[in-house]
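Let me begin by presenting the structure, written as structure tokens, before commenting on it.
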Amino acid sequence: MELYNSGIIEALDLMDSGEVSPEELLDAVFQRINSVEDKVKAFVTVTKDRAYEMLDEAKGERGALRCIPLAIKDNICIRGIPTTCSSRILKNFIPPYESTVTKRLKEEGYLLVGKTNLDEFAMGSSTENSGFHTTRNPWATDRVPGGSSGGSTAAVAAGECLAALGSDTGGSIRQPAAFCGVVGLKPTYGRVSRFGLVAFASSLDQIGPITKNVADAALLLGIISGHDPSDSTSAPLHVKDYTALLSEGIRDIKVGIPKEYFIEGLDPEVESAVKDSIRHLGSLGCSVKEISLPHTGYAVATYYILATSEASSNLARYDGVKYGFRAESKDLLEMYRETRAQGFGAEVKRRIMLGTYALSAGYYEAFYRKAQQVRTLIKEDFDNAFREVDIIITPTTPTTAFRIGEKISDPLQMYLNDIFTISVNLAGLPAISIPCGFDSKGLPIGLQLIGRAFDEESILKVAHQYEQSTEWYKRRPPL
Ligand code: GLN
């Protein structure tokens with residue numbers, strides 16, 4: 001196997017046994033970036049100098065990520081490195097502070113390879129909303145990698161890093177992981193500090209790992225999780241050793257299959273791969289039963305009211321005064337207006353308008369408050385289901401990766417791509433997407449496993465044991 005295709009744990013073994021040096025690993029990753037990045041376009045900024053500086057500092061240290069090259073989504077702040085959110089409005093923004101997640105990775109000795117592309121401010125499902133360029137799916141470069149963490153998932157799938165971090169507000173880690181044939185984990189809301197993550201919708205946003213296998217996701221989760229005094233929504237709960245729990249038995253695990261997720265619009269090839277996987281889990285000893293999540297049909301509408309409302313408030317800070325880009329103009333009001341008109345792309349403007357409308361006097365009760373009430377019903381659906389089962393399994397996406405340009409002019413079609421991932425954010429639950437097959441075009445299919453709040457270990461161990469008894473996760477794109 002090529003060195004750049006290795007996962008974290010594999011690479012640590014190779015370095016610990018002396019077979020490969022940290023320099024050789026980092027060189028292999030940058031050679032790979034040189035040879036494929038033109039085709040994939042996963043990065044906004046490649047940080048080669050920083051990576052070799054970090055290598056010098058980390059050599060000889062014994063952290064859990066000693067000299068492991070990782071990529072970070074470009075909405076997570078790293079001191080001294082541009083953080084753009086793939087937006088023209090933040091094009092020249094260099095954060096003077098460090099996010100808690102990257103601080104924790106640094107304490108364990110990781111090397112920063114670069115900052116990855118996303119849909120502007122994480123709004124989208126394809127990276128086509130990036131203010132800079134569209135990332136390509138390494139499995140078929142005329143197709144999208146998914147989004148908004150499409151740069152991170154494409155970089156992992158293409159071997160341009162060993163693993164990456166993304167953020168997930170409505171599916172942005174899991175949907176692109178499914179499209180790119182890699183593992184993507186959205187932790188429970190509150191499990192991971194959001195300090196230093198540029199806010200999109202604060203009651204939904206969560207940072208998580210994107211990796212080549214489940215064990216690597218467990219390792220990264222353990223490092224980035226835990227209470228942080230700088231984020232009042234981070235939970236003061238004990239963080240388990242997820243890696244050690246992966247091989248625990250899964251015979252007593254009860255798996256629920258929600259009937260509302262096998263609907264019209266679900267691609268028959270995706271459906272059959274997911275059903276095969278469910279049978280496979282049965283053969284591994286899990287018991288399987290049908291369940292119901294009756295408010296599923298309201299999730300997309302609820303999400304697009306709440307997420308846009310929160311975004312309209314969070315994005316008010318980009319006024320040409322505090323950060324980044326400023327348009328030259330004759331007076332203050334025109335400066336605000338022009339900065340925002342030129343700095344934001346079409347999707348961001350659409351969402352600011354939708355959210356402002358939903359929060360305005362006279363509409364607040366009908367839209368925003370109603371959506372909050374429906375959010376509670378969606379969460380209660382899961383509470384009820386988790387009285388009967390331990391984890392819930394669904395397809396991650398209704399289809400495999402679509403073509404670049406196919407949905408960009410129809411926002412509703414684009415929004416429907418998240419139909420299976422959004423409820424999880426509304427309910428604040430953990431969920432993971434893992435590869436579970438390929439369609440007849442050779443495109444990866446994702447399986448989503450959803451757990452109880454703060455029970456990441458159950459989905460991780462079932463995902464790990466499924467993965468290790470299949471071959472899907474070993475395939476690499478033929479770039
Ligand atoms: N695709 C969804 C949206 O456009 C989710 C994005 C995300 O999770 N950041 O809002």
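Note that the coordinates shown come from a computational prediction; the quantities given were computed from them, not determined experimentally.
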State whether the side chain of [X] and the backbone N or O of [Y] hold a donor-acceptor pair below 3.5 Å, judged by distance alone.
{"X": "Asp119", "Y": "Ala122", "result": "no"}
{"X": "Thr127", "Y": "Thr135", "result": "yes"}
{"X": "Thr421", "Y": "Asp418", "result": "yes"}
{"X": "Ser172", "Y": "Thr169", "result": "no"}
{"X": "Ser149", "Y": "Ser167", "result": "yes"}
{"X": "Glu467", "Y": "Val214", "result": "yes"}
{"X": "Asn117", "Y": "His133", "result": "yes"}
{"X": "Asp216", "Y": "Ala163", "result": "no"}
{"X": "Gln175", "Y": "Gly150", "result": "no"}
{"X": "Asn314", "Y": "Phe200", "result": "yes"}

Which heavy atom of [X] sits nearest a heavy atom of [Y], and at what distance?
{"X": "Cys286", "Y": "Ile250", "answer": "SG-O, 3.7 Å"}
{"X": "Gly171", "Y": "Pro176", "answer": "O-CD, 3.5 Å"}
{"X": "Gly166", "Y": "Ile76", "answer": "O-CD1, 4.3 Å"}
{"X": "Val113", "Y": "Ile33", "answer": "CG1-CD1, 3.3 Å"}
{"X": "Ala401", "Y": "Arg143", "answer": "O-NH1, 2.8 Å"}

Run the numbers on Glu269 and Ser440 for side chain to side chain donor-acceptor pair (under 3.5 Å), then give the verdict. CA-CA 8 Å; Glu269 289 188 286; Ser440 48; 2.9 Å; yes
Name of the residue among [options] meeting side-chain contact (heavy atoms from CB on, under 4.5 Å) with [X]:
{"X": "Leu220", "options": "Ile68, Thr243, Leu70, Val101", "result": "Leu70"}
{"X": "Leu219", "options": "Thr211, Ile9, Asp241", "result": "Ile9"}
{"X": "Ser148", "options": "Glu120, Lys73, Met123", "result": "Lys73"}

Can you list the steps and then say if Leu204 with Leu426 is a side chain to side chain contact (heavy atoms under 4.5 Å, CB included)? CA-CA 7 Å; Leu204 301 156; Leu426 290 169; 4.0 Å; yes
salt_bridge([X], [Y]) N-O dist < 4.0 Å:
{"X": "Lys103", "Y": "Glu98", "value": "no"}
{"X": "Arg66", "Y": "Asp16", "value": "yes"}
{"X": "Lys186", "Y": "Asp168", "value": "no"}

Arg351 and Glu347: CA distance, side-chain angles, deciding distance, salt bridge (Lys or Arg N to Asp or Glu O under 4.0 Å) verdict: CA-CA 6 Å; Arg351 294 196 187 199; Glu347 181 63 23; 2.7 Å; yes
List the residues meeting side-chain contact (heavy atoms from CB on, under 4.5 Å) with [X], not counting sequence neighbours, and say none if there are none.
{"X": "Arg104", "answer": "Thr100, Glu107, Ile223, Asp228"}
{"X": "Tyr97", "answer": "Cys77, Phe195"}
{"X": "Ser277", "answer": "Cys436, Leu447, Tyr466"}

Using side-chain hydrogen bond (donor to acceptor under 3.5 Å, both in side chains) as the criterion, list what pairs up with Ser234, not counting sequence neighbours. none
Mind checking the [atom1]-[atom2] spacing from [X] to [Y]? Nearest 0.5 Å is all I need.
{"X": "Ile378", "Y": "Thr296", "atom1": "CD1", "atom2": "OG1", "answer": "7.5 Å"}
{"X": "Tyr110", "Y": "Leu162", "atom1": "OH", "atom2": "CG", "answer": "14.0 Å"}
{"X": "Ser152", "Y": "Ile210", "atom1": "OG", "atom2": "CD1", "answer": "4.5 Å"}

Hey, are Lys461 and Ser247 close enough side-chain-wise for a donor-acceptor pair under 3.5 Å? no
Does either side chain, that of His280 or that of Ser469, offer a donor lying less than 3.5 Å from an acceptor on the other one? yes
Would you verify whether the NZ or CZ of Arg88 falls within 45 degrees of the ring axis of Phe325 while also being under 6.0 Å from that six-membered ring's centre? no
Can you confirm if the aromatic rings of [Y] and [X] lie within a centre distance of less than 6.0 Å?
{"X": "Tyr261", "Y": "Phe420", "result": "yes"}
{"X": "Tyr189", "Y": "Phe454", "result": "no"}
{"X": "Trp139", "Y": "Phe179", "result": "no"}

Just say parallel, tilted or perpendicular for the rings of Trp472 and Phe438, cut-offs at 30° and 60°. tilted
On the 0 to 90° scale, with breaks at 30° and 60°, tag the Phe344-Tyr318 ring pair as parallel, tilted or perpendicular. perpendicular
Can Arg174 and Thr397 be said to form a side chain to side chain donor-acceptor pair (under 3.5 Å), step by step? CA-CA 9 Å; Arg174 291 159 286 153; Thr397 55; over 6 Å; no
Could you note down all residue pairs passing side chain to side chain donor-acceptor pair (under 3.5 Å) where residues 36-53 supplies at least one of them, sequence neighbours left out? Asp27-Tyr52
Can you pull out every salt bridge (Lys or Arg N to Asp or Glu O under 4.0 Å) where at least one residue sits in residues 187-212? Sequence neighbours excluded, please. Arg191-Glu456, Arg194-Asp231
